[in-house]
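Following: one structure in structure tokens, then a few remarks.
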There are 2 protein chains.
Amino acid sequence: MSIPHYKQLHQLLKQQILTGTFQEGALLPSENELCATHHITRATVRQALDELVKEKLIYKHRGKGSVVSPRRKSLGLLSFKGFSEVVGASHTPVNTEILHKPTIQPWPEDFFYPLSEREIEVGCIYLERLRFADNHPVMLEYTYIPTIDLSGFLEYNLGKDSLFETLHVHYNLDIINVEQDIRAIVADKNTTDQLGLMTGAPVLHIYRRYGTNRTDFYIYSSLYCNTTHYALSNSFDS
Amino acid sequence: MSIPHYKQLHQLLKQQILTGTFQEGALLPSENELCATHHITRATVRQALDELVKEKLIYKHRGKGSVVSPRRKSLGLLSFKGFSEVVGASHTPVNTEILHKPTIQPWPEDFFYPLSEREIEVGCIYLERLRFADNHPVMLEYTYIPTIDLSGFLEYNLGKDSLFETLHVHYNLDIINVEQDIRAIVADKNTTDQLGLMTGAPVLHIYRRYGTNRTDFYIYSSLYCNTTHYALSNSFDS
DNA sequence: GAGTGGTCTAGACCACCTG
DNA sequence: AGGTGGTCTAGACCACTCG
């Protein structure tokens, strides 16, 4: 038995939560029940549950049990806030239009992040999307994904915000980390056209690198945001 | 004994790390040693150490021991990257000039975040700082701190980046969370003057709200950044 | 009162690292 | 070989929640 019991139990429960065997707000089996059904002690069960708490997949109530958390929404990586609502307001719905369908191609010259040899070798999947908040274009997004073990990717439909969802479901690829460089610049012609701005308007420009649960596998994005009416909003801990 | 043993040990070790009793890179006493000196079992010791690991104050090496982590640098909340270095480069040194010393005053009208009644009642400490990277002004910062249990604060010298350091050392106040709204705007006259920019130059504008280990105690900042030569850079997990 | 998670004890064996 | 952290057992008592 090379894989520790607590990790096995953690994986099992995680799958059951993600696949809906345990719904949001539902109670997990109690620690004592899990002890009995898996023939392990409570310390081991608690170790597994601690992992789930750390991942915010569950939270615990003394005297009640372990409750499945509401599905977290996109980490605040891509949320917009109305100019006036500022805080606590409901987020406006975001739609997405694909300007350039995912295609395999070489990396651009002078790419904005240094790439590993392996990344350069395999090339990348490139796609271009335009995001709308409240039916106004707010963000132009260029995304680059290394073509590593992603067979069949081009066939999936990325209609909505489903890029990360697709990667998660089909390739077990999760985003665990984001690094970003942010600047305010004067938009060029193509950008002003796409975002419906005047010449010379200021836009937010962001280079992003997403880290994943595969070591040395990163996803890159270059973003241009019209922040005239909506602010780009995010929050983070620690 | 109302406070659990593992929390007591956690607090003790945390203090000893933060006050330098255990230096960066040093080994903590082994788990068995801690068991002996504190007359508790290993499970309890490990619970305390797990907390420290979660806070990234230590990391563990099997067969070696528990090592004190390098002091983390300001959470990437305020780091700038040279335009060309982009990633992995050493950060340029940041200096700070105080434009307006901390003074107690009422909150501005139409403050950028909704305030609680208690916050409005007590007023705020207001200060204004200008940050330099490589001797160029890059960021104009307006900060508002509710005047709650901060007696003596005005006497401390905030010469450098020491605002959060001061709050931690003297008031045991830690930043645990940041929420920010980011926009690209055209700088007004005062901002261009302070940041040494041309009229009409785009600047990054950020509203920030810092959450702390005191519930319902927030610190607010409004930031204007010149990103012509340096990008505002941050990274976050999960 | 019965069940839940929170804390804790007193052991054990293992894989890993260093002298 | 001896010490370190990683995993695990088999108990125990407590505070809390709910019917």
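The sequence lines fix the lettering, A, B, ..., with proteins before strands; numbering per chain opens at 1.
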Legend entry - B/Glu55 and B/His10 side chains, donor-acceptor separation under 3.5 Å: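 The answer is yes; a qualifying pair exists.
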Would you say [X] reaches [N]'s phosphate, i.e. side-chain N/O to OP1/OP2 under 4.0 Å?
X       : N     : result
B/Tyr6  : C/dT7 : yes
B/Thr44 : C/dT9 : yes
A/Lys60 : C/dT4 : no

Legend entry - Non-neighbouring partners of A/Glu24 that pass side-chain contact (heavy atoms from CB on, under 4.5 Å), sequence neighbours left out: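 If we apply the side-chain contact (heavy atoms from CB on, under 4.5 Å) test to A/Glu24, skipping adjacent residues, the hits are A/Pro70, A/Arg71.
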Inset, instruction - For B/Thr147, enumerate each residue passing the side-chain contact (heavy atoms from CB on, under 4.5 Å) test, keeping only those at least two apart in sequence or located in another chain. - result: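 For B/Thr147, the residues satisfying side-chain contact (heavy atoms from CB on, under 4.5 Å) (neighbours in sequence not counted) are B/Ile104, B/Ile125.
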Inset, instruction - Identify whether any heavy atom of B/Ile40 sits under 4.0 Å from a base atom; if not, whether one sits that close to sugar-phosphate; answer base, sugar-phosphate or nothing. - result: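 Since only primed, P, OP1 and OP2 atoms lie under 4.0 Å of B/Ile40, the category is sugar-phosphate.
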Inset, instruction - Apply the test side chain to side chain donor-acceptor pair (under 3.5 Å) to residues B/Arg209 and B/Tyr207: give CA-CA distance (whole Å), side-chain angles for both, the deciding distance (0.1 Å), then the verdict. - result: CA-CA 7 Å; B/Arg209 187 176 74 159; B/Tyr207 285 132; over 6 Å; no
Minimum-distance pair of heavy atoms, taken over all atoms of [X] and [Y]:
X        : Y        : result
B/Tyr6   : B/Ala48  : O-CB, 3.4 Å
A/Pro114 : A/Tyr220 : O-OH, 4.4 Å
A/Ile176 : A/Thr212 : CD1-O, 3.3 Å

Give the rounded distance in Å between these two atoms: [atom1] of [X] and [atom2] of [N].
X       : N      : atom1 : atom2 : value
A/His5  : D/dA10 : NE2   : P     : 12 Å
B/Tyr59 : D/dT4  : OH    : P     : 18 Å
B/Arg46 : D/dC8  : CZ    : P     : 11 Å
B/His39 : C/dT9  : NE2   : C1'   : 15 Å
A/Ile3  : D/dG6  : CD1   : P     : 18 Å
B/Leu49 : D/dT7  : CG    : C1'   : 16 Å
B/Gln8  : C/dC8  : CD    : P     : 8 Å

Inset, instruction - For A/Tyr59, enumerate each residue passing the ring-ring contact (aromatic ring centres under 6.0 Å, His included) test, keeping only those at least two apart in sequence or located in another chain. - result: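 With neighbours one apart ignored, the set is A/His61.
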Inset, instruction - Could you please name the option among D/dT9, D/dG5, C/dG6 that lies closest to any side-chain atom of B/Ser66? - result: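 That would be D/dG5.
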Inset, instruction - Could you pick out which residue, A/Gln47 or A/His61, lies toward the 5' side of DNA chain D when each is mapped onto its nearest nucleotide? - result: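 With A/Gln47 and A/His61 compared, the 5'-side residue is A/Gln47.
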Identify all pairs in which a protein N or O lies below 3.5 Å from an N or O of nucleotides 12-19 of chain C, and state each distance.
| unit_1 | atom_1 | unit_2 | atom_2 | d |
| --- | --- | --- | --- | --- |
| C/dA12 | N6 | B/Arg42 | NH1 | 3.4 |

Inset, instruction - Tell me, please, which residues at least two apart from A/Tyr171 pass side chain to side chain donor-acceptor pair (under 3.5 Å). - result: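 Once residues adjacent in sequence are excluded, A/Tyr171 has no partner under the side chain to side chain donor-acceptor pair (under 3.5 Å) criterion.
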Inset, instruction - Return the residues of residues 26-37 of chain A meeting this criterion: a heavy atom under 4.0 Å from some atom of DNA chain C. Order them by number, or give none. - result: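 A/Ser30, A/Glu31, A/Glu33 - these, ordered by number, are the residues of the stretch whose heavy atoms sit under 4.0 Å from the strand.
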